Amino acid sequence: METIGLDSASVGPTVVRQAVRDRMEACRITNPQAYREHLTVSSQELQELINAVVIPETWFFRDREAFTMLARHARVHKPAQPIRVLSLPCSTGEEAYSVAMAMFDAGFEAHEFKIDGVDVSSRNIATAERAIYGRNSFRGSHLEFKDRYFEAAEGGLRPIAGVLKQVRFRVGNLFGSRAFGQEVYDILLCRNLLIYFNRELQDRALSCLKDLLAKDGLLLVGPAEAALPRLHGFISAEWPLAFAFLKSEAVKTTAPKVPAAVPVRAPSPKVNKSEPLLPFRPTIGNEGRRQAPTKPLAQASESLIAVERIANAGRVKEAQEVALAHLKEFGPSAEIFYLLGLVQDADGSAPEAARSYRKALYLAPNHREALVHLALLLSKQGDHNGAEALAGRLGRVQKRSGG
């Protein structure tokens with residue numbers, strides 16, 4: 001864990017112990033101390049252990065607004081030379097290929113951008129270079145990109161040659177001095193990595209990320225990490241749901257108009273008595289966020305976007321107040337409890353965050369993101385049995401969905 005910087009508590013001690021046992025068996029070593037000594041002299045075995053610990057969890061166009069935002073940012077800040085994009089960690093390649101598709105959709109030509117994918121796991125890199133994907137890599141209801149950019153291959157679907165050529169993969173470590181040389185990037189995706197670090201390593205990682213970015217570079221992080229970049233001088237790009245930050249006070253990409261934040265004491269909506277009102281139904285995952293046509297449901301959806309926008313800007317206290325106002329105005333749903341858990345988690349209110357995640361899972365037992373974040377939170381609190389139970393539950397959900 002020291003080599004790659006991961007906090008063993010965040011990935012689960014049992015996961016680490018099982019990986020060590022598996023690798024000891026593969027090496028036919030029975031003594032733990034002997035295996036530790038073997039690791040110090042065998043870089044290949046150290047890599048195999050890293051591969052066993054790092055478990056990929058990704059899919060194409062995860063958090064779609066991030067890809068919309070980065071393509072528009074690239075258009076506004078287009079440099080003379082090709083735009084450089086880094087996906088770190090790139091996992092099994094879905095994110096990096098999604099960037100290529102988003103750039104093509106935004107009108108960029110192949111010679112106008114290049115993408116690097118870097119990951120500590122050589123197994124992940126091999127999968128990314130093989131580039132054959134099954135059903136678990138295609139989630140959600142917006143899958144029209146499959147027809148444009150994929151072709152059938154033995155074992156699944158493969159991106160077309162034009163997409164494959166835009167991405168270069170390699171094994172590397174954010175903290176490795178030789179991983180990047182003098183390279184700088186215009187856009188850097190480092191999503192859902194910082195949550196696995198303790199605070200000291202988070203600070204170190206953000207300093208490294210800042211060094212890797214060009215002057216007006218764009219950093220995209222995960223939803224639970226949105227409060228961290230501001231602590232290191234990054235500026236919110238103010239694009240809802242993208243969790244995007246600028247390295248400096250550059251001209252900001254214009255975001256689409258979104259509703260103003262819901263006031264803490266939100267007034268009751270005006271009711272047309274001739275028009276019957278339907279109750280606000282909890283949504284499962286993200287698919288139902290914008291689906292209902294009735295007025296109260298539309299207002300609730302707009303309110304959820306406002307909560308995410310404020311959280312994305314790093315204003316976690318305000319986001320909690322707005323989320324609680326949403327609960328009072330529109331009633332409970334899995335999505336608002338999940339968002340409330342995220343901002344409480346980011347604010348360091350672990351017990352409150354755990355309660356919110358549990359409420360989300362009560363309303364939507366298969367809510368993937370709530371399962372992931374509650375498992376991480378329990379692991380950090382030392383409840384490894386609870387974290388592992390949730391991890392097993394998440395695995396069953398993924399298996400049922402075709403993962």
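In this text the structure is predicted, and so the values were computed from the model without any measurement. Residues take their numbers from the sequence shown, with the count starting at 1.
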Colleague: With rounding to the nearest 0.5 angstrom, report the CG to CG distance, Leu194 to Leu206.
Modeller: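 The CG atom of Leu194 sits 5.0 Å away from the CG atom of Leu206.
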Colleague: Testing the basics here: between Ala334 and Ala360, what is the closest heavy-atom pair and its distance to 0.1 Å?
Modeller: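 So the two residues come closest at O-CB, 3.4 Å.
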Colleague: Yes or no on side chain to side chain contact (heavy atoms under 4.5 Å, CB included) for Phe175 and Arg204, after CA distance, side-chain angles and deciding distance?
Modeller: CA-CA 8 Å; Phe175 301 122; Arg204 183 181 166 196; 3.5 Å; yes
Colleague: Please check if the number of heavy atoms outside Gln33 that lie under 6.0 Å from its CD is greater than 12.
Modeller: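 More than 12 within 6.0 Å, yes.
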Colleague: Is it the case that the side chain of Ser303 and the backbone of Gln299 share a donor-acceptor pair, with hydrogens and angles ignored and the cut-off at 3.5 Å?
Modeller: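 Not a single qualifying donor-acceptor pair exists.
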Colleague: Counting distance only, does the side-chain N/O of Asp119 pair as donor-acceptor with the main-chain N or O of Pro89 below 3.5 Å?
Modeller: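 The answer is no, because no donor-acceptor pair under 3.5 Å joins these two groups.
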Colleague: For Phe337, is there any backbone N or O sitting under 3.5 Å from a side-chain donor or acceptor partner on Lys359?
Modeller: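 It does not hold such a pair.
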Colleague: Just jot down the side chain to side chain contact (heavy atoms under 4.5 Å, CB included) partners of Asp347, sequence neighbours excluded, or say none.
Modeller: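 Asp347: side chain to side chain contact (heavy atoms under 4.5 Å, CB included) contacts with Val316, Lys317, Gln320, Ser349.
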Colleague: If the condition is salt bridge (Lys or Arg N to Asp or Glu O under 4.0 Å), which residues does Glu144 pass it with, not counting sequence neighbours?
Modeller: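 Per chain and number, Glu144 pairs via salt bridge (Lys or Arg N to Asp or Glu O under 4.0 Å) with Arg64.
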Colleague: If you round to the nearest 0.5 Å, how far is CG of Leu164 from CZ of Phe169?
Modeller: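 Between Phe169 CZ and Leu164 CG, I get 8.5 Å after rounding to 0.5 Å.
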Colleague: Going by atom type alone, with no hydrogens or angles, which donor-acceptor pairs under 3.5 Å involve a side-chain atom of residues 97-104 and a protein atom two or more places apart or on another chain?
Modeller:
unit_1	atom_1	unit_2	atom_2	d
Tyr97	OH	Ala128	O	2.9
Ser98	OG	Phe61	N	3.0
Ser98	OG	Glu94	O	2.7

Colleague: Nearest 0.5 angstrom please: Met69 CE to Asp63 CG, how far?
Modeller: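 Here the interatomic distance stands at 14.0 Å.
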Colleague: What heavy-atom pair brings Arg358 and Leu374 nearest, and what distance separates the two atoms?
Modeller: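 Looking at all heavy atoms of both residues, the shortest contact is CG-CD2, 3.8 Å.
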Colleague: For Arg168, enumerate each residue passing the side chain to side chain contact (heavy atoms under 4.5 Å, CB included) test, keeping only those at least two apart in sequence or located in another chain.
Modeller: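 With neighbours one apart ignored, the set is Arg84, Asp116, Arg170, Glu183.
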Colleague: Can you find a pair of side-chain heavy atoms, one from Leu174 and one from Val118, that are under 4.5 Å apart?
Modeller: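 Result no, sub-4.5 Å side-chain heavy-atom pair not found.
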Colleague: Applying salt bridge (Lys or Arg N to Asp or Glu O under 4.0 Å) as the test, list every pair that has at least one member in residues 336-346; sequence neighbours left out.
Modeller: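 Listed by first then second residue: nothing to list.
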Colleague: Looking at every non-hydrogen atom in both residues, tell me the closest pair between Ala96 and Ile115 and how far apart they are.
Modeller: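 The answer is O-CD1, 3.7 Å.
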Colleague: Taking all non-hydrogen atoms of both residues, which atom of Cys190 and which atom of Leu219 are closest, and how far apart?
Modeller: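 Where Cys190 meets Leu219 most closely, the heavy atoms are CB-CD1, 4.3 Å.
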Colleague: As an exercise, state the distance from CZ of Arg191 to CG of Leu220, rounded to the nearest 0.5 Å.
Modeller: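 Between Arg191 CZ and Leu220 CG, I get 7.0 Å after rounding to 0.5 Å.
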Colleague: Side chains of Glu95 and Phe67: does their closest heavy-atom pair fall under 4.5 Å?
Modeller: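 Glu95 reaches Phe67 side chain to side chain.
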Colleague: With side chains defined as the heavy atoms from C-beta onward, is the minimum distance between Val76 and Arg72 less than 4.5 Å?
Modeller: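 Val76 vs Arg72: side chains apart.
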Colleague: With a cut-off of 3.5 Å and sequence neighbours excluded, list every side-chain donor-acceptor pair involving residues 145-159.
Modeller:
unit_1	atom_1	unit_2	atom_2	d
Arg148	NH2	Asp105	OD2	2.8
Tyr149	OH	Asp105	OD1	2.6

Colleague: Hey, what do you get for CG (Leu324) to CG (Leu340), rounding to the nearest 0.5 Å?
Modeller: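 Spacing of CG (Leu324) from CG (Leu340) equals 5.5 Å.
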Colleague: Take the angle between the ring planes of Phe108 and Phe113 and call it parallel below 30°, perpendicular above 60°, tilted in between.
Modeller: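 The arrangement is perpendicular - the two ring planes meet at more than 60°.
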Colleague: At their closest point, which heavy atom of Leu218 faces which heavy atom of Ala244, and how far apart are they?
Modeller: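 Closest approach of Leu218 to Ala244: CD1-CB, 3.9 Å.
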Colleague: Compare every heavy atom of Leu377 with every heavy atom of Ala353, then report the nearest pair and how far apart it is.
Modeller: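 In this case the closest contact between Ala353 and Leu377 is CB-CD2, 3.9 Å.
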Colleague: How long is the gap from CG on Leu188 to CG on Leu212, to the nearest 0.5 Å?
Modeller: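 Taking CG in Leu188 and CG in Leu212, the distance rounds to 6.0 Å.
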Colleague: Cation-pi between Arg230 and Phe245: NZ/CZ under 6.0 Å from ring centre and within 45° of the ring axis?
Modeller: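 Because its charged atom misses either the 6.0 Å distance or the 45° angle limit, Arg230 does not stack over Phe245.
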Colleague: Give the intermediate values and the outcome of side chain to side chain contact (heavy atoms under 4.5 Å, CB included) for residues Asn192 and Arg62.
Modeller: CA-CA 11 Å; Asn192 304 307; Arg62 182 180 185 179; 3.8 Å; yes
Colleague: Is the shortest heavy-atom distance from the side chain of Leu342 to the side chain of Tyr357 under 4.5 Å?
Modeller: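 The answer is yes, as the side chains (C-beta and beyond) meet within the 4.5 Å cut-off.
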Colleague: Quick one: does Arg393's side chain have a donor or acceptor within less than 3.5 Å of a partner on Leu371's backbone?
Modeller: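 Not at all, since once roles are kept as given, no pair shorter than 3.5 Å links the two residues.
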Colleague: Heavy-atom distance under 4.5 Å between the side chains of His73 and Leu246, does that happen here?
Modeller: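 His73 reaches Leu246 side chain to side chain.
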Colleague: Specify whether Tyr133 and Phe60 have parallel, tilted or perpendicular ring planes, treating 30° as the upper limit for parallel and 60° as the lower limit for perpendicular.
Modeller: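 Ring orientation, 0 to 90° scale: perpendicular.
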